[in-house]
Amino acid sequence: MAAQLIDGKAFAASVRKQVAVHVRRLKVHYNIVPGLAVVLVGEDPASEVYVRNKGKQTIEVGMNSFEHKLPADTSEADLLKLIDDLNKDPAVHGILCQLPLPDHLNEDLIINSIAPDKDVDGFHISNVGLLGTGQKSMVPCTPLGCLMMLRDHHGSLSGLNAVVVGRSNIVGKPMANLLLNDSCTVIIAHSRTKNIEALCKQADILVAAVGRPEMINADWIKSGATVIDVGINRIPAPEKGEGKMKLVGDVDFASASDVAGAITPVPGGVGPMTIACLLANTVTACCRANDLEEPEGLTA
Ligand code: NDP
């Protein structure tokens, strides 16, 4: 393996440590405790695990965690009422509504009912517009985590060629906007892109957010490029025993790491950064709500 490993687990721990320092500062100097409200509708097992982890890490950095678990048949009106209450609650600085929502709920309507200043997921249409126009916004957590790791590795990203594979609203598009705001030259590739392999091979920075196990291999990667693998795919692992599964990214790590200059692993790369950035966004939202200086290095 020639590539330098970008250790997202260690990086996330350092972000959480910085968040904890700011949380302490807010408590000691201003008697303010940042609060994060997480709303979970239904009993999706994966969502329950995420929400549990979020709550645990929120408390570990010294913030207040407010969990709202609602039954799967919750009406849109009841969910909107809860969000309205959280919007008005001064102890709540961040609100996250765990996705996906049950089919009978209009996801766009719910997300856009969250006060933009408390939208720590960065999915509200106002935050999308602010990011797209290079203004101060709440930034989606997964792309923010990728940006932090890229800035840490490269220093300035200005003038670098970046290819983002994937154009989802939660990863691909905000990632592309963040890279553009940092003066990269950005290409967004997707399922209809022609000559995708050749395009990827031009990238100094290649971000894979596709959801296809190990789709991108060494042949797609320019020598020395930085590869950020957002994908989380569960595939059979017969080598571990019958019926066993393992997590892999969208990048074939073994071959890619012979060519890349630096690469994130899966697991242990982008994944741990997502919750760390959620905590960072909450402390940022809390500072903004109280007209206090924002912590440096914890946002775009
Ligand atoms: P989506 O399914 O919403 O988007 C996938 C994107 O990949 C689409 O834009 C799609 O193109 C594109 N795509 C699909 N197949 C191909 C292909 N063969 N060639 C090129 N492009 C293709 O996924 P998400 O953005 O939500 O997530 C992407 C991955 O990141 C998933 O594995 C997900 O689990 C993971 N993830 C990880 C997170 C973390 O914390 N680490 C957080 C969020 C996601 P088109 O638009 O044309 O259909």
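Both ligands and their constituent atoms are indexed starting at 1 by order of listing. Predicted, not measured: the structure shown is a model, and the values here were computed from it.
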For this session: With heavy atoms under 4.0 Å as the rule, classify the contact between Thr193 and ligand 1 as side chain, backbone, both or neither.
Result: neither
Problem set entry | Rounded distance (nearest 0.5 Å) linking atom CD1 of Ile205 with atom CG of Leu150 | 5.0 Å
Exercise. Which is closest to atom 14 (C) of ligand 1 in terms of heavy atoms, Val210, Ile228, Ile188, Val270?
Worked result: Val210
Exercise. When rounded to the nearest 0.5 angstrom, what is the spacing between CD in Glu48 and CG in Leu40?
Worked result: 6.0 Å
Exercise. When you look for heavy atoms under 4.0 Å from ligand 1, do you find them on the side chain of Met273, its backbone, both, or neither?
Worked result: neither
For this session: From atom 23 (O) of ligand 1, work out which of Cys146, Pro213, Ser168, Gly166 has a heavy atom at the shortest distance.
Result: Ser168
Exercise. Starting from atom 44 (C) of ligand 1, which protein heavy atom do you reach first, and at what distance in Å?
Worked result: Val171 CG2, 3.9 Å
Exercise. Any idea which protein heavy atom is nearest atom 17 (C) of ligand 1, and the distance to it?
Worked result: Met215 SD, 3.8 Å
Seminar exercise, completed: atom 47 (O) of ligand 1 has as its nearest protein heavy atom Ser191 OG, 2.5 Å
For this session: Give the minimum heavy-atom separation between Phe11 and Met148, together with the two atoms involved.
Result: CZ-O, 3.7 Å
Problem set entry | Worked verdict on Leu99 versus Leu101 for side-chain contact (heavy atoms from CB on, under 4.5 Å) | CA-CA 5 Å; Leu99 303 179; Leu101 289 169; 4.0 Å; yes
For this session: Please state whether Ala209 comes within less than 4.0 angstrom of ligand 1, counting heavy atoms only.
Result: yes
Problem set entry | Salt-bridge contact Glu239-Lys246 (side-chain N to carboxylate O under 4.0 Å) | yes
For this session: State the atoms of ligand 1, each with its element, that fall below the 4.0 Å cut-off from a heavy-atom position in Asn233.
Result: 32 (O)
For this session: Of the side chain and backbone of Thr274, name the one, both, or neither that has a heavy atom under 4.0 Å from an atom of ligand 1.
Result: side chain
For this session: Let me know which of Val251, Ile235, Leu247 forms a side-chain contact (heavy atoms from CB on, under 4.5 Å) with Pro213.
Result: Ile235
For this session: Quick one: do His93 and Asn290 satisfy side-chain contact (heavy atoms from CB on, under 4.5 Å)? Show the steps, please.
Result: CA-CA 10 Å; His93 304 96; Asn290 289 285; 4.0 Å; yes
Seminar exercise, completed: For atom 26 (O) of ligand 1, the closest protein heavy atom turns out to be Ile170 CD1, 3.6 Å
Exercise. In ligand 1, which numbered atoms sit nearer than 4.0 Å to a non-hydrogen atom of Ile196?
Worked result: 20 (C)
Exercise. Is Ile6 close to Thr226 at the side-chain level, that is, under 4.5 Å between some pair of heavy atoms?
Worked result: yes
Problem set entry | Sub-4.0 Å heavy-atom contact, Gly271 with ligand 1 | yes
Exercise. Which residue and non-hydrogen atom of the protein lie closest to atom 29 (C) of ligand 1, and at what distance in Å?
Worked result: Gly211 N, 3.7 Å
Seminar exercise, completed: So CG of Asp117 and SG of Cys286: to nearest 0.5 Å the spacing works out to 12.0 Å
Exercise. Nearest protein heavy-atom contact for atom 34 (O) of ligand 1: which residue, which atom, what distance?
Worked result: Ile232 O, 3.5 Å
For this session: Would you sort out whether Ile263 and Asp229 count as a side-chain contact (heavy atoms from CB on, under 4.5 Å), showing the intermediate values?
Result: CA-CA 8 Å; Ile263 187 166; Asp229 189 354; 5.7 Å; no
Exercise. Crowded around Tyr50 OH? As in, over 12 foreign heavy atoms under 6.0 Å?
Worked result: no
For this session: Report the nearest protein non-hydrogen atom to atom 15 (N) of ligand 1: residue, atom name, distance rounded to 0.1 Å.
Result: Arg212 NE, 3.0 Å
Seminar exercise, completed: Logged contact type for Val230 with ligand 1, heavy-atom cut-off 4.0 Å, is both
Problem set entry | Nearest heavy-atom neighbours spanning Cys200 and Val163 | SG-CG1, 4.1 Å
Exercise. Tell me, which protein residue and heavy-atom name are nearest atom 9 (O) of ligand 1, and how many Å apart are they?
Worked result: Arg167 N, 2.8 Å
For this session: With heavy atoms under 4.0 Å as the rule, classify the contact between Thr142 and ligand 1 as side chain, backbone, both or neither.
Result: side chain
